[in-house]
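Some notes on the structure that comes next.
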Amino acid sequence: MQPTPPRSEQELFQRSLALAGHSLAELAAQAGVSLPDNLKREKGWVGQLLEWHLGATAGSKPEQDFPELGIELKTLPIDESGRPLETTFVCVAPLLGIAGQRWEECSVRNKLSRVLWIPVEASRTLPLGQRRVASPFLWSPSQQEEALLRQDWEELMEQIALGHIEQISARQGQVLQLRPKAANGRALTSAIGRQGQVIQTRPRGFYLKTGFTHALLRHHFLLG
DNA sequence: GGTTGATCATTC
DNA sequence: GAATGATCAACC
């Protein structure tokens, strides 16, 4: 049976510490789920497995994983050297009704205000069941980190508001990037076009670049 | 080898 | 379609 929701940040963190060092095969067995052959068709499997173990309310609710604690859970796939293997999805980017949007109340800032990062071994050469959970850590952005995020966010949002979304490259941004986020390439949503008209475009999401999450890992494990 | 755009499952 | 959880894999 699934653990009850944690009642405090400390309790949540203690539970996540208890997962460290365990393999995904062990954790799957405890949860009573079978290991997929690969993640090709179940890309969120690891994240959902850890949610189960930590007592997160499952589902696709548009809120933090632990709303009563104000904490977002993020698994971070790492290689054998402890480097992130993937960018980290933050949230969908709003494309309409964004005039006057302020960093202070945007979803990027809200999502990242408090994050429980759980690194997980994810080298493709390592069979899924043998991958282990690494040491988790709680994080809130430093002033410097927030300044970087804010700068990228404001730049990207201004371009979106000005109708320049199709000119935005994923290369843009020091720490935050904008990329498609959808079921497939045919999914469409409304956005602002070059002449200010409403156009249809692929939904976009904000992602943390690996350089940023790598720095978080370094700071945590080197400087601690 | 790293990045960018595409994609998968599920729920509502 | 939009939200949750992300990784895949073609391409530069």
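Proteins get letters first, then strands, A, B, ... in listed order; numbering begins at 1 in each.
- Side-chain atoms of A:A170 lie closest to B:dG5 of the nucleotides C:dA6, B:dG5, B:dC8.
- Between A:V108 and A:L176, the shortest heavy-atom contact is CG1-CD2, 4.3 Å.
- No donor-acceptor contact under 3.5 angstrom links the side chains of A:Q30 and A:W52, judged on distance only.
- The CG atom of A:N184 sits 16 Å away from the P atom of C:dA9 (whole-angstrom rounding).
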Show the numbers, then the answer: is there a salt bridge (Lys or Arg N to Asp or Glu O under 4.0 Å) between A:E105 and A:R109? CA-CA 7 Å; A:E105 51 249 16; A:R109 182 169 185 266; over 6 Å; no
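- Using a distance-only test at 3.5 Å, with no hydrogens or angles considered, no donor-acceptor pair links the side chain of A:E121 to the main chain of A:R131.
- Atoms NZ (A:K181) and C1' (B:dA6) sit 12 Å apart, rounded to a whole Å.
- For A:K111, taking side-chain heavy atoms from C-beta onward, the closest of the listed nucleotides C:dT4, C:dC8, B:dA6 is C:dT4.
- Residue-level contact check: A:L188 touches the backbone only, with heavy atoms under 4.0 Å from sugar-phosphate atoms and none from bases.
- Backbone-only contact: A:E72 has heavy atoms under 4.0 Å from sugar-phosphate atoms and none from a base.
- Using a 4.0 Å heavy-atom distance criterion, A:A122 is classed as making no nucleic acid contact.
- Judged by distance alone, with hydrogens and angles left aside, the side-chain atoms of A:E11 form a donor-acceptor pair with the main-chain N or O of A:R7 at under 3.5 Å.
- Applying the 4.0 Å criterion to OP1 and OP2 of B:dT3, one finds that A:Q177 has every side-chain N and O outside that range.
- Taking atom CZ on A:R204 and atom P on C:dA2, their separation rounds to 13 Å, with Å as the unit.
- Between A:F137 and A:F221, the ring planes lie perpendicular to each other; the angle is over 60°, past the 30° to 60° tilted range.
- No donor-acceptor contact under 3.5 angstrom links the side chains of A:T189 and A:Q200, judged on distance only.
- Across all strands shown, A:G44 has heavy atoms under 4.0 Å from base atoms, whether or not it also approaches the sugar-phosphate.
- Not a single donor-acceptor contact under 3.5 angstrom links the side-chain atoms of A:K74 to the base of C:dG5.
- Residue order along DNA chain C, read from the 5' end via each residue's closest nucleotide, puts A:C91 first among A:P77 and A:C91.
- Comparing B:dT4, C:dA2, B:dT7 by their nearest atom to the side chain of A:P203 picks out C:dA2.
- Taking atom CG of residue A:L49 and atom C1' of nucleotide C:dT7, one finds them 16 Å apart after rounding to whole Å.
- Taking the nucleotide of DNA chain C with the nearest heavy atom to each of A:W45 and A:R171, the more 5' of the two is matched to A:W45.
- Between A:T87 and B:dT4, a side-chain N or O to OP1/OP2 separation shorter than 4.0 Å is absent.
- If you check every strand for non-hydrogen atoms under 4.0 Å, A:R179 touches a base.
- A:V46 comes within contact range of no nucleotide atom at all, as no heavy-atom separation falls under 4.0 Å.
- The nearest whole Å value for the distance from the CG atom in A:L128 to the P atom in C:dG5 is 19 Å.
- Here the side chain of A:E42 is nearest to one of C:dA6, B:dA9, B:dG5, namely B:dA9.
- Rounded to whole Å, atom C1' of C:dA9 lies 14 Å from atom CG of A:L85.
- The A:R186 side chain lies nearest to B:dT7 when the options are B:dA6, C:dG5, B:dT7.
- Between the P atom of B:dT7 and the CZ atom of A:R202 lies a distance of 10 Å, rounded to the nearest Å.
- Toward the 5' end of DNA chain B, the nearer of the two residues A:R41 and A:R83, judged by each one's closest nucleotide, is A:R83.
- Listed candidates were C:dT4, B:dC8, C:dC8. Nearest to the side chain of A:K40 is C:dC8.
- Checked against B:dT7, C:dA6, B:dG5, the side chain of A:T75 finds its nearest nucleotide in C:dA6.
- On a pure distance criterion of 3.5 Å, a polar donor-acceptor pair joins the side chain of A:K43 and the base of B:dT7.
- The side chain of A:Q48 lies closest to C:dG5 when the candidates are C:dG5, B:dA6, C:dC8.
- Residue A:N38 contributes atom CG, which lies 11 Å from atom C1' of B:dC8 at whole-angstrom precision.
- Considering only the side chain of A:F89, C:dT4 comes nearest among B:dT3, C:dT4, B:dA9.
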